[in-house]
Undergrad: 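Here's a structure for you.
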Amino acid sequence: MTEAKPVSGTNLQKISDRYSESERLLSEARRYLAAGVSSNARLVGKRPPLFITHAQGSALIDANGNRYIDYVIGLGPMILGHRAEAIETAILESLAIGQVFGGQSSLEAQLAARIVDLVPCAELVRFTNTGTEADLLAVRLARAFTGRPKIIKFEGHYHGWGDGLAVSIKPPFVQADLRNSVQTHPESLGMTPSSYEDVNVLPWNDLDAIDAYLNWQGQTVAGVIMEPVMCNNGVITPSPGYLEKVRELCTACGALLIFDEVITGFRLAPGGAQERLGVIPDLAIFGKALAAGVPMGCVAGRADVMDMLTQGVMHGGTYSGNVTGLSVGLATLEQTCTLGGQALKTLDSMGNQLIERLEESLKRHRIAGQVQGYGAHFGLLFAPRERRILNFQDLRLVDRSAGDEFVAKMLDVGVRITSRASYFLSTAHTSSNIQDTAEAADAILAEMARQK
Ligand SMILES: Cc1ncc(COP(=O)(O)O)c(C=O)c1O
């Protein structure tokens, strides 16, 4: 399969023709599959969810035969691109061993040792199958270790879809004067208030808010959980000094600091955001780029906290530590994290080139937009660059409809970015992908400027 190239000018099709097969397959799927998809996130956006027939490297082909440069890459896991040879080999090798035994394989301790080697906070590791499960376990460990009930989470941060944490991910915007009394907002019907009554929600990147809360209620707080870079509502980076100060505040009141590194882990650096940003949590949660495309997650952290698993904390999982996950995990980290994480540095600098080009285009076409994040994962927010977006409530300053239009138009020319206008880089992205993407984005931003 050759590299995907964006289409332009006379090659652009009518939208209804371009996605007709994906539309048809979706309506067929709906007869048997609830909502036609297996994750609600796939129904977001102005275009139908693509039905993919083939993927290779940084390229995808959909059921209409359209080709895309793919920056969604499974929402992060495919850090080596699609169908990476090392991953296919690891999968095949795992098949020769067997899959699940209700018993151990030595690969478990091998992968755990690799993670302990790479991740600053990791002294012990426990495997799960998904990030959601690892989030649930981390919170349980924090409560058991501290003997305290409360968890602090932040508005706009995502920690999986479990009832205990699926609150205030996309809450309603509130008036500025009410921001310090943020309500806990369930994200789904079917959640009872008792499942999240011990979760308190605060605005992120706001030192006063967490300082005040922990000074007031710190003795009841088991853990403070956050994405160290907020990646699930645009990409928003922590303000200088924020993570360091939260670390200090947690230590002072005895609450555990938990970094959800499901997106940042084994992506921003071999040791994740904690290595790149230099702040070490007590526990961290990983998934996605840990095992390029195979379900796999883990909690890693302080030995005394993880040891609660020998002292009454329950964790199960028929498939936890399955052979394919472990084998792919080892192969992935071998590709991404050896030689000081050279592969991650290369993809990061590739992403930085694209960030620069996007910023130039925004300026040239006088479009209010800011790019936040790191080369390895970044996002474009359509908001004036003079006022940096800091947290969820600030997203009210973002022109959402411009974002949706940009995402849809990029898809129409063959560049697939996430519904929140963010980009995941992989080791399979090439310089010509970056060049083509920058040109496609520039043309779309120019058109958006003309239509203003
Ligand atoms: C930060 C974060 N935490 C947890 C999760 C949940 O992981 P999973 O989808 O593997 O359950 C995600 C998924 O996108 C995530 O981005």
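Read the numbers this way: they start at 1 and go in the same order the structure lists the ligands and their atoms.
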Undergrad: Evaluate the salt bridge (charged side-chain N to carboxylate O under 4.0 Å, His left out) criterion for residues Arg247 and Glu244: first the C-alpha distance (whole Å), next the side-chain angles of each, then the deciding distance (0.1 Å), finally the verdict.
TA: CA-CA 5 Å; Arg247 171 69 280 181; Glu244 289 82 349; over 6 Å; no
Undergrad: How about CZ on Phe51, more than 12 heavy atoms from neighbouring residues, nucleotides or ligands closer than 6.0 Å, or not?
TA: yes
Undergrad: With rounding to the nearest 0.5 Å, note down the distance linking CZ in Arg302 to CG in Asp282.
TA: 4.5 Å
Undergrad: What residue and atom, counting heavy atoms only, is the protein's closest point to atom 8 (P) of ligand 1, and at what distance?
TA: Gly131 N, 3.5 Å
Undergrad: Salt bridge or not between Lys46 and Glu405? Use side-chain N to carboxylate O under 4.0 Å.
TA: no
Undergrad: Under 4.0 Å, heavy atoms only, figure out whether ligand 1 is touched by the backbone of His157, its side chain, both or neither.
TA: neither
Undergrad: What atoms of ligand 1 come within less than 4.0 Å of a heavy atom belonging to Ile263?
TA: 16 (O)
Undergrad: Atom SG in Cys231, atom CD in Gln372: separation rounded to 0.5 Å?
TA: 10.5 Å
Undergrad: Specify side chain, backbone, both or neither for Asn232, according to which of its non-hydrogen atoms lie closer than 4.0 Å to ligand 1.
TA: side chain
Undergrad: Is it true that Thr437 and Arg357 share a donor-acceptor pair across their side chains at a distance under 3.5 Å?
TA: no
Undergrad: So which protein heavy atom does atom 3 (N) of ligand 1 come closest to, and at what separation?
TA: Asp260 OD2, 2.7 Å
Undergrad: Any heavy atom of Glu133 sitting closer than 4.0 Å to ligand 1?
TA: no
Undergrad: When you measure from atom 4 (C) of ligand 1 to every protein heavy atom, which one gives the shortest distance, and what is it?
TA: Asp135 OD2, 3.3 Å
Undergrad: Taking distance alone, with no angle check, do Glu227 and ligand 1 share an N/O pair under 3.5 Å?
TA: no
Undergrad: Tell me whether the rings of His157 and Trp204 are parallel (<30°), tilted (30 to 60°) or perpendicular (>60°).
TA: perpendicular
Undergrad: Look at atom 2 (C) of ligand 1 and say which protein heavy atom is nearest, naming residue and atom and giving the distance to 0.1 Å.
TA: Tyr158 O, 3.3 Å
Undergrad: Specify the protein heavy atom at minimum distance from atom 9 (O) of ligand 1: its residue, its atom name, and the distance to 0.1 Å.
TA: Thr132 OG1, 4.4 Å
Undergrad: Starting from atom 14 (O) of ligand 1, locate the nearest protein heavy atom and write down its residue, its atom name and how far away it is, to 0.1 Å.
TA: Lys288 NZ, 2.9 Å
Undergrad: Atoms of ligand 1 less than 4.0 Å from Thr130 heavy atoms?
TA: 10 (O), 11 (O)
Undergrad: Just wondering, are more than 12 heavy atoms of other shown residues or ligands nearer than 6.0 Å to CG in Asn40?
TA: no
